[in-house]
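Both backbone and side-chain heavy atoms feed into the values below; hydrogens, waters and symmetry mates do not.
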Amino acid sequence: MKKRGIAVVVVGYPATPIVESRVRFCISASHTREQLDQALQALDEVADLLGLKYSQHHKPRAFRDIKQIAAAAADKL
């Protein structure tokens with residue numbers, strides 16, 4: 001996200017389970033619609049690269065797989 005010009009705050013262990021983390025976005029009324037759209041587009045791209053998207057029909061990947069995906073995606077970022 002940093003390379004895409006989007007500031008985020010990563011929340012990890014011990015605030016989350018050890019194999020999970022969260023990302024926080026701080027938005028305000030001063031952000032334009034275009035800025036919000038840009039942030040959503042960047043989030044969509046990064047989530048695809050890291051394989052983080054899932055639904056009720058598709059289970060998230062195992063932690064070891066995510067580490068491999070993240071390493072491969074880092075080269076593409």
Side-chain angles (χ1 to χ4, degrees):
M1 295 299 287
K2 182 178 180 179
K3 288 181 181 181
R4 287 168 169 74
I6 309 295
V8 297
V9 177
V10 177
V11 181
Y13 182 82
T16 64
I18 197 156
V19 296
E20 295 178 17
S21 61
R22 293 189 183 111
V23 177
R24 291 187 178 155
F25 296 83
C26 298
I27 60 173
S28 74
S30 66
H31 285 102
T32 65
R33 177 64 186 234
E34 292 77 22
Q35 289 171 321
L36 297 175
D37 288 340
Q38 176 189 6
L40 289 174
Q41 179 64 33
L43 178 61
D44 186 54
E45 292 170 3
V46 171
D48 280 338
L49 286 172
L50 298 178
L52 298 177
K53 293 182 180 180
Y54 64 93
S55 68
Q56 291 178 347
H57 303 291
H58 177 73
K59 300 290 183 199
R61 298 169 191 216
F63 182 68
R64 67 181 186 283
D65 294 335
I66 292 196
K67 289 172 80 175
Q68 292 170 346
I69 292 166
D75 295 332
K76 296 178 184 178
L77 296 175

How far apart are the closest heavy atoms of His31 and Cys26, and which atoms are they? CE1-O, 3.7 Å
CD1 of Ile6 to CG of Leu40: how many Å apart, nearest 0.5 Å? 9.0 Å
Nearest 0.5 Å, please: how far is CD1 in Ile18 from OG in Ser21? 11.5 Å
Can you measure from CG (Leu36) to CZ (Phe25) and round to the nearest 0.5 angstrom? 11.0 Å
Are Val23 and Leu50 connected in a single hydrophobic cluster, I mean Ile/Leu/Val/Met/Phe/Trp/Tyr linked by side-chain heavy atoms less than 4.5 Å apart? yes
Please check if the side chain of Glu20 supplies one atom and the backbone of Pro17 the other of a donor-acceptor pair under 3.5 Å. no
Indicate whether any N or O donor in one side chain lies under 3.5 Å from an N or O acceptor in the other, for Gln41 and Glu45. yes
CD of Gln35 to OG of Ser28, rounded to nearest 0.5 Å, is 8.5 Å
